[in-house]
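Because the structure is predicted, anything quoted here is derived from the model rather than measured.
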Amino acid sequence: MKFLGGEYLLMLVPHNDKIESQKQQVLAAIMQAKQDGLSNEEIMENVREALPSSMVSYTETVLQQIDFRAKLSRPLREFNLEFLFQVIYESVIAGTNDEEILSICAEHCTLNQYEFARYALEYIHLNRMPSQWEQNNVYHQIIEIVNISPIESLFEYIESIKNIYLKQIGYEVVQENLYNLFLSNKQTSYFTDLANKSRDKFIKNYCCRTAVLVARATGKPLDLKLTEDGSVILKEPKSLDRNTGANEIVASQILTMVQAGKLLVDTLEEFSINAKYVDAKTGPTFNRIKVKLGRGVSYKKVEDIGNDLVQQLGEELNLKVAPMVSVVPGGVVFDIPRLDRQFAYFRDYFTFDGEPDIHSVSIPGGVDVDGTYVEIPLYSDNVTHILGGGRTRGGKSQFEKAAILYLVRRYAPSVVRLALSDVKRVTFGKFDGLPHLVAPVARDAESTANLLDYLVEEMELRYQEFECHSSIETITQYNSRFAPDFVMPRVICLIDECFDLLSDDNYCDRIETALMKLLAKAGGAGIHVLLYTQRPDKNVIDPLIRSNFPAKTAFVTTRPEDSCIILGDDKDKRAVYLLGYGDFLYKTTEVVRLQAFYVADDEDPEYFQQLLLEAKNQNDPYTAWKSGLDFDEFVASLYGESNSKDIGKSKATAVTKTKQSKTDFEGSFNFKVQLDEEARNSILNLHQKGYQLDEIVKAVFNLSRQDGRSYKKFRNVVEDFLNSLKGGEEDDI
């Protein structure tokens, strides 16, 4: 047999040689051919021409064994599991299918890491918070199925969805359609047949409960065993009102709160935790069960028991995610997420009737577990300034928009002024042009630095005004003496996504300096800073800045350490257990869990625009105190320029002179980073394997975007190195 591309000829005579001898010769020929660079296809082509079928089969087996050994002997990289999880998460978000992700992991990961990747994929699909686009897309598909297909097709589609949040959208549509079928006088057997056709436990139970409602309404007995849990006691709908009937069906899916509380206490006993059921409350987002721990039982024993409860009580309490566990006066509370979660719509809570109290300027907080409205009093010494944060889809932007909309509609410009910074350029742009704004919405680090410097100067002028009047030290005392003849307006400075601002090498020092001055004494002058970010990185937001915020608002976070940073407590990880979409923790002297208001400016733009129009045209009966400081003139004076558009070409104010040498050093730091031979080889190897620039920096230097300026320095060095290999043809990778 002659192998193409080889320089040897192996002749085998099957009729005269023994089988073992033939195999040895074939094996030797295969090994030589592989060394000569022949592919498996070329080897097999020659084998089929020269040897009998038995040797062809043997050759295929040998080649498979060689390939298998090659895979096992390939060099493997031990990835950090946090990094591996993040890469997989980003790939899922980007739309990469599971097979491709697992194939890549099988190629580059150890066996343990590959197993981790499989479980990570399952966890991400099940628990990740989908984007609004995904939710809308799934909803439209569900509605399309409902309109053109029988309800069984809807069941099949919902069963194919993995994500618990997307499934919930389907469950709500199922409940509505079942109620419509209930009203159309369908027979009991119709619903029990539907239950038997579905494999989804929740849908099966919805159908069975509806069948029981039909039986109750028609007076016909029904064997409760058909429902698979005949212990459930149901109530007949009090009327045929659409919402009442639908709520009746939903309410029948869960245990009563007393039953749930006793079940929880019994389960805690199995973990050797003695407790007594106290009471339960139902809020728009979650149900709260309160228990009192036995004497001598430490809270630490139940602090991290959430995942154990999912495992033990997941079916009974419909738990998909770990409940939040908190200490309250007189006990410990377990917050059980509601499947039929409700939104707190802004328009349902505010009518703006009557005159506002100009001495008690507040912003809306949200709705607590009792359904009670909770406001955030900016005038209180326990609030003054607010630090907030949380990941995407946590409800942070809705909270901010609700605060702005409330302020401009409730208070006249003589009472409240606004200073807004929005580097994402999508959140506050709708408020441009309002008479309440001290300046146009800042959309980059430069204009934000100018805005903050302006507020510092405004603060100083206000304190000079206080000095002119004996015994006046704060805005509260000033307005108490001179209002309503003169009112010193409070200024609310709301900054969205401060991470990008404080990571900007050119303006971070100005912004930090101004923030520190404002946080130190601006509250007494009626200037309040509300600082928000998606990434509350401890290396970017100075600890001195964080410590000067009396109030905190923590929306759902991805990492426990983010929760600790926002809440200012290195042990408080509770924000990880929040449910997103406005579910947040409000901390002053105590921590309260609230559901933020949903403005729905995209769903009901007419109402939103109506409030903005009313805010612009509202009657202003007061005369505002004015410092005489004009924003445009102030900005122009900062640079010694008559045209404020030339800002940024040079900056030499007292604010920045003190830190200029530090800025110069840090700005040139990337040129001092030296790549040794090992680092260069690692970077080149990862780049050739298709790794992105961020992934290379993470793998080689263990730095990510959360590391702020340090990350940017190393990223620039890696980028310059790779561009130098390409002749500098690309700006990025």
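- Formation of a donor-acceptor pair under 3.5 Å by the S149 side chain with backbone atoms of V146 is not found in this model.
- Looking at heavy atoms from C-beta onward, T192 lies out of side-chain contact with C207 at the 4.5 angstrom threshold.
- Between G306 and A322 the shortest heavy-atom distance is C-CB, 3.7 Å.
- In Y123, the OH atom is not crowded: 12 or fewer heavy atoms of neighbouring residues, nucleotides or ligands sit closer than 6.0 Å.
- For the pair S39 and E42, the tightest heavy-atom approach, listed with the atom from each and the gap, is N-OE1, 3.0 Å.
- Q312 contributes no side-chain N or O that, together with a main-chain N or O of L309, makes up a donor-acceptor pair within less than 3.5 Å.
- By the neighbour-count criterion of 12 heavy atoms within 6.0 Å, atom CD of E115 is densely surrounded, having more than that number from other residues, nucleotides or ligands.
- With no hydrogens or angles considered, a side-chain donor-acceptor pair links Q86 and E90 at under 3.5 Å.
- Of all heavy-atom pairs spanning I566 and T557, the tightest one is CD1-CG2, 3.9 Å.
- D583 contributes atom CG, which lies 14.0 Å from atom OH of Y577 (distance to the nearest 0.5 angstrom).
- Side-chain contact check for V310 versus K320: every heavy-atom pair is 4.5 Å or farther apart.
- With hydrogens and angles ignored, the 3.5 Å screen pairs no side-chain donor or acceptor of E316 with any backbone N or O of L263.
- Remark: Y581 pairs with no residue by the ring-ring contact (aromatic ring centres under 6.0 Å, His included) rule, at least two apart or across chains.
- A salt bridge links K713 with D505; the closest basic N to acidic carboxylate O contact falls under 4.0 Å.
- With salt bridges taken as basic N to acidic carboxylate O contacts below 4.0 Å, none links E303 and K300.
- Proximity of F155 to L194: side-chain heavy atoms (C-beta onward) are separated by under 4.5 Å at one or more points.
- Looking only at side-chain heavy atoms (C-beta outward), L154 and V174 come within less than 4.5 Å of each other.
- Between F555 and F584, the ring planes lie parallel to each other; the angle is under 30°, not in the 30° to 60° tilted range.
- Remark: R443 does not engage D422 in a salt bridge, criterion side-chain N to carboxylate O under 4.0 Å.
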Donor-acceptor pairs are to be reported for all side-chain atoms of residues 388-398 against protein atoms at under 3.5 Å, with residues two or more places apart or in another chain.
| unit_1 | atom_1 | unit_2 | atom_2 | d |
| --- | --- | --- | --- | --- |
| T392 | OG1 | Q534 | OE1 | 3.3 |
| Q398 | OE1 | V599 | N | 2.8 |

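- Inter-residue side-chain proximity for I565 and R546 is flagged as met; some heavy-atom pair is nearer than 4.5 Å.
- Considering CD of E172 and OH of Y139, their distance stands at 9.5 Å, rounded to 0.5 Å.
- With a 4.5 Å cut-off on side-chain heavy atoms, D572 and C564 do not count as touching.
- Between the CG atom of L84 and the OH atom of Y114 there is a distance of 12.0 Å, given to the nearest 0.5 Å.
- The shortest non-hydrogen separation linking I541 to P536 is CD1-CA, 4.1 Å.
- Between the side chain of K167 and the backbone N or O of I161 there is at least one donor-acceptor pair closer than 3.5 Å.
- With sequence neighbours left out, S91 forms a side chain to side chain contact (heavy atoms under 4.5 Å, CB included) with V87, T96, I101.
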Tell me, with the steps shown, if D98 and K162 meet salt bridge (Lys or Arg N to Asp or Glu O under 4.0 Å). CA-CA 13 Å; D98 292 4; K162 295 181 180 180; 3.6 Å; yes

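- For the residue pair Y165 / Q135, no side-chain donor-acceptor distance below 3.5 Å is found, with atom types taken as modelled.
- Taking the ring centre of F499 as origin, the terminal cationic atom of R535 falls inside the region bounded by 6.0 Å and 45° from the ring axis.
- Side chains of D200 and Y171: a donor on one and an acceptor on the other come within 3.5 Å.
- For D496 against K424, the heavy-atom pair with the smallest separation is OD2-CE, 3.0 Å.
- Taking all atoms of both residues into account, the shortest heavy-atom contact from A575 to L585 is N-CD1, 4.1 Å.
- Defined by atom type and a distance below 3.5 Å, a donor-acceptor pair is present between the side-chain atoms of Q32 and D36.
- Side-chain contact of N40 with K34: a donor-acceptor pair under 3.5 Å is present, judged by distance alone.
- At least one side-chain heavy atom of V62 sits less than 4.5 Å from a side-chain heavy atom of L27.
- Residues Y206 and S198 form no side-chain contact, since every pair of their non-hydrogen atoms from C-beta on lies 4.5 Å or further apart.
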